[in-house]
Number of protein chains: 4
Amino acid sequence: MPNNKKTPATPAPERRRQLLATAAEVFAAEGYNATTVRRIADAAGMLAGSLYYHFDSKESMLDEILSGFLDELWEGYDAVLAAALGPRETIEALVTESFREIDRHRAAVAIYQKESKHLVAHERFRYLADSQVKFEKAWLGTLERGVADGVFRDDLDIRLTYRFVRDTVWVAASWYRPGGLHSPEEIARQYLSMVLEGIAVRGR
Amino acid sequence: MPNNKKTPATPAPERRRQLLATAAEVFAAEGYNATTVRRIADAAGMLAGSLYYHFDSKESMLDEILSGFLDELWEGYDAVLAAALGPRETIEALVTESFREIDRHRAAVAIYQKESKHLVAHERFRYLADSQVKFEKAWLGTLERGVADGVFRDDLDIRLTYRFVRDTVWVAASWYRPGGLHSPEEIARQYLSMVLEGIAVRGR
Amino acid sequence: MPNNKKTPATPAPERRRQLLATAAEVFAAEGYNATTVRRIADAAGMLAGSLYYHFDSKESMLDEILSGFLDELWEGYDAVLAAALGPRETIEALVTESFREIDRHRAAVAIYQKESKHLVAHERFRYLADSQVKFEKAWLGTLERGVADGVFRDDLDIRLTYRFVRDTVWVAASWYRPGGLHSPEEIARQYLSMVLEGIAVRGR
Amino acid sequence: MPNNKKTPATPAPERRRQLLATAAEVFAAEGYNATTVRRIADAAGMLAGSLYYHFDSKESMLDEILSGFLDELWEGYDAVLAAALGPRETIEALVTESFREIDRHRAAVAIYQKESKHLVAHERFRYLADSQVKFEKAWLGTLERGVADGVFRDDLDIRLTYRFVRDTVWVAASWYRPGGLHSPEEIARQYLSMVLEGIAVRGR
DNA sequence: AATGAATGAGCGTTCATTCAT
DNA sequence: GATGAATGAACGCTCATTCAT
């Protein structure tokens with residue numbers, strides 16, 4: 001997910017990360033558009049103008065948040081895909097990896113869910129579309145492979161299945177709170193169980 | 001679903017409905033905050049100020065759109081619940097009814113999905129919270145009844161199951177386009193099949 | 001001098017002209033950059049935001065002021081050039097026309113003098129450069145014709161002469177006040193006399 | 001030419017001169033208002049805040065640039081006036097001295113031309129007005145003496161003549177580039193020839 | 001001497017809203 | 001019912017300036 005890095009190339013990357021985390025929280029909680037730059041500054045304990053020492057614009061904060069998240073996501077996904085597991089195991093690994101990302105980047109994921117549809121129109125966020133394409137290729141391909149291998153049902157519309165699995169996982173970011181009752185791995189386990197086996201009692 | 005009625009007490013309810021449909025489309029497409037009142041007026045072929053003859057405010061349009069949708073939704077849900085079916089049949093009926101509402105009120109559902117979380121904080125939209133409570137009671141209660149009756153699995157966290165089913169259905173509004181390949185009933189059927197039986201091939 | 005016209009294509013051109021005249025006065029008096037949009041609004045008896053009902057931006061006001069001035073200037077110049085007078089008579093007519101334009105568009109001319117150098121860099125003001133080229137062609141060409149015809153001195157650097165005449169005329173906008181002691185034509189007459197005959201007493 | 005001295009009482013006057021020359025270039029090229037202090041710092045290879053070790057403010061840089069220029073200008077002018085030459089010879093010497101100043105202080109002269117009108121309003125730049133008064137006294141007085149002596153024409157409005165000569169000379173700073181084809185003295189010679197004898201061929 | 005980070009005032013602009021016509 | 005013009009509050013952002021290090 002290549003993207004333009006920020007004004008100061010090297011210095012004080014810690015402060016940036018801190019501020020971006022703050023911004024991400026606010027964006028996630030109130031929506032990107034509804035978030036004023038003053039609101040972020042408040043949350044960071046500084047004045048609005050001071051943010052511009054660190055970032056070019058409100059949009060560039062969003063950019064950095066999203067591209068940072070996608071970079072990490074694809075690191076994880078690529079490792080899973082490179083392992084060349086069977087379809088069912090691949091789906092399991094992808095789902096688990098996804099919940100781990102939700103755990104680590106809850107705010108970024110929530111922002112992504114809410115804003116990416118409008119953002120892809122902007123040249124600057126073109127990489128969101130690229131990611132989506134790659135994403136669909138990975139998931140849909142795995143599902144198709146699973147159907148061909150006889151491990152996934154062949155009586156379902158495959159694109160519907162894809163959307164079902166995709167949404168089912170990512171929407172969790174809207175209610176997930178890190179440090180809650182269940183670990184990401186536990187949530188992944190239960191979600192996988194529901195998605196793969198269904199919620200109805202079997203053998204009826 | 002309480003709601004304040006509008007400036008002109010009686011006249012031309014058809015024009016209102018028309019304008020609200022237009023506004024809902026724009027809200028859904030661009031987000032409530034990002035939508036300017038001028039943008040709605042453009043889409044309706046009038047000037048921004050003219051909308052205020054019909055509505056008190058931008059917020060009141062949103063209000064009317066959401067409460068109108070919820071009114072109809074609960075009409076359907078209440079009928080289902082009144083039928084006092086078994087848990088599995090109730091879930092099936094609720095899911096089917098939900099997809100029908102998505103079909104009829106796609107824009108309103110999309111707006112609801114994106115905005116309701118922030119809106120509940122406003123006094124004016126308190127009814128959203130009320131609806132949510134009632135909604136959870138209906139679905140969660142049905143699931144619990146199903147577990148007790150042995151028709152739904154008892155090895156899953158019930159609240160996780162609830163969120164899974166709820167999100168799985170409503171998120172569809174983000175990609176659903178009326179008049180597409182599948183009828184709401186067909187989509188409901190496949191979704192139910194996935195949710196109830198899972199996507200994995202059985203008995204292996 | 002073609003240029004993008006403003007938001008309302010046809011309506012109320014009088015108010016626009018009024019506001020542009022106000023803006024031009026302020027720009028001329030305080031400089032374009034130093035002029036705040038609030039300052040213009042004050043001078044026009046409205047609030048800053050209200051200006052944006054009439055104009056897209058502060059820059060578009062400047063654009064309209066300058067292009068309006070250049071349009072009229074070239075109307076006059078083209079008429080002079082079309083008359084195909086002798087070189088001396090052409091210079092006399094151009095100088096006279098120039099002082100008339102200074103009389104009519106004093107503010108615009110002053111702005112042009114001060115800002116055009118920086119403005120040509122902007123794509124939007126490309127027409128300023130075009131005008132300058134055409135301007136130089138007209139004046140320099142006439143001077144060269146005059147030297148060839150033996151009516152202007154041939155012992156002077158012709159480009160220096162061009163700049164001398166050009167600046168001499170237009171700088172007057174910085175001190176000229178309409179309705180002063182001398183009419184534009186009278187000032188033109190005296191300037192022409194100085195430029196053509198010199199300020200020293202002859203034949204000594 | 002009164003002027004407040006700077007923060008460090010004694011140290012490194014060379015660095016100051018260097019930085020002021022840099023600032024003057026940028027002010028001349030982009031205008032005082034449009035020039036950011038960061039822009040100057042960039043050109044000087046330092047950070048914006050660092051300039052404040054050397055100067056009190058952006059305005060004080062401008063002040064020092066302009067007063068430095070005027071100090072030198074009046075050194076030259078005073079020498080000319082002290083020589084008590086004839087009117088024509090005085091004008092010749094003043095013009096020549098002026099072009100020498102333009103050559104040495106091109107940036108300062110350009111800034112002076114563009115900004116002095118607004119600056120005189122500020123208390124701090126009162127000395128600009130003083131200089132202008134003294135300037136007018138010297139030039140206008142010389143011209144009047146010349147008219148009385150019969151060496152300058154008496155059929156011209158004397159104030160118009162004054163402005164003509166004054167502007168004619170100083171506007172040259174807007175296009176003059178040191179190290180160009182003509183030396184300041186050569187330009188002065190040609191300008192004087194034009195101003196005194198006119199550009200028309202004589203004796204017709 | 002210079003940096004890094006911040007301040008605070010103000011700027012151009014947007015936008016929901018009002019209201020006389 | 002709708003328009004044209006305006007309001008006023010707020011927004012994203014810029015920039016001269018400060019100051020501890």
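Proteins come first, then strands; the chains are lettered A, B, ... in the order of their sequence lines, and each starts at number 1.
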### Task
Taking all non-hydrogen atoms of both residues into account, name the closest pair between D/L70 and D/S131 and its distance.
CD2-OG, 3.8 Å
### Message
I need the CZ-P distance between D/F55 and E/dA1, as an integer number of Å.
### Response
12 Å
### Query
C/D42 CG to F/dA6 C1': how many Å, rounded?
15 Å
### Query
When you measure from the centre of the six-membered ring of C/F27, is the NZ or CZ of C/K58 under 6.0 Å away and within 45° of the axis?
no
### Summary
DNA chain E nearest-nucleotide lookup for A/G45 and B/S50: closer to the 5′ end is A/G45
### Query
Once you round it to whole Å, what is the distance between P of F/dG4 and CZ of C/R16?
14 Å
### Query
Is the distance from OP1 or OP2 of F/dA2 to the nearest side-chain N or O of B/R15 less than 4.0 Å?
yes
### Presence of salt bridge, C/E30 and D/K117, under 4.0 angstrom
no
### Summary
By the Watson-Crick or G-U definition, both distances under 3.5 Å, F/dA10 is matched with E/dT13
#### Entry: Spacing between A/L51 atom CG and E/dT7 atom C1', to the nearest angstrom
12 Å
All N/O pairs under 3.5 Å across the protein-nucleotides 9-13 of chain F interface:
{"unit_1": "F/dG12", "atom_1": "OP1", "unit_2": "A/T35", "atom_2": "O", "d": "3.1"}
{"unit_1": "F/dG12", "atom_1": "OP1", "unit_2": "A/K58", "atom_2": "NZ", "d": "3.0"}
{"unit_1": "F/dG12", "atom_1": "OP2", "unit_2": "A/V37", "atom_2": "N", "d": "2.8"}
{"unit_1": "F/dG12", "atom_1": "N7", "unit_2": "A/R38", "atom_2": "NH2", "d": "3.0"}
{"unit_1": "F/dG12", "atom_1": "O6", "unit_2": "A/R38", "atom_2": "NH2", "d": "3.2"}
{"unit_1": "F/dC13", "atom_1": "OP2", "unit_2": "A/Y52", "atom_2": "OH", "d": "2.3"}
{"unit_1": "F/dC13", "atom_1": "OP2", "unit_2": "A/K58", "atom_2": "N", "d": "2.8"}
{"unit_1": "F/dC13", "atom_1": "O5'", "unit_2": "A/Y52", "atom_2": "OH", "d": "3.1"}

### Query
Nearest-Å distance, CE (C/M46) to P (E/dT18)?
20 Å
### Task
Take the protein atom CG of C/L62 and the nucleotide atom P of E/dG12, then report the distance between them rounded to whole Å.
13 Å
### Query
Counting N and O atoms only, with roles assigned by atom type, does the side chain of C/S60 sit under 3.5 Å from a partner on the main chain of C/S57, one being a donor and the other an acceptor?
yes
#### Entry: Watson-Crick or G-U counterpart of F/dT21, or none if no pair lies under 3.5 Å
E/dA2
### Query
Which whole-number value in Å describes the distance from D/L47 CG to F/dC19 C1'?
14 Å
### Under-4.0 Å salt bridge between A/E64 and A/R17
no
### Task
Would you mind reading off the distance between A/Y53 atom OH and E/dA6 atom P, rounded to a whole angstrom?
8 Å
### Task
Establish, with yes or no, whether the OP1 or OP2 oxygen of F/dG4 is under 4.0 angstrom from a side-chain nitrogen or oxygen of C/H54.
no
### From C/F125 atom CZ to C/E115 atom CD, the distance as rounded to the nearest 0.5 Å
9.5 Å
### Task
For the pair D/D63 and D/Y127, evaluate side chain to side chain donor-acceptor pair (under 3.5 Å) and give the outcome as yes or no after the intermediate values.
CA-CA 10 Å; D/D63 189 351; D/Y127 64 88; 2.6 Å; yes
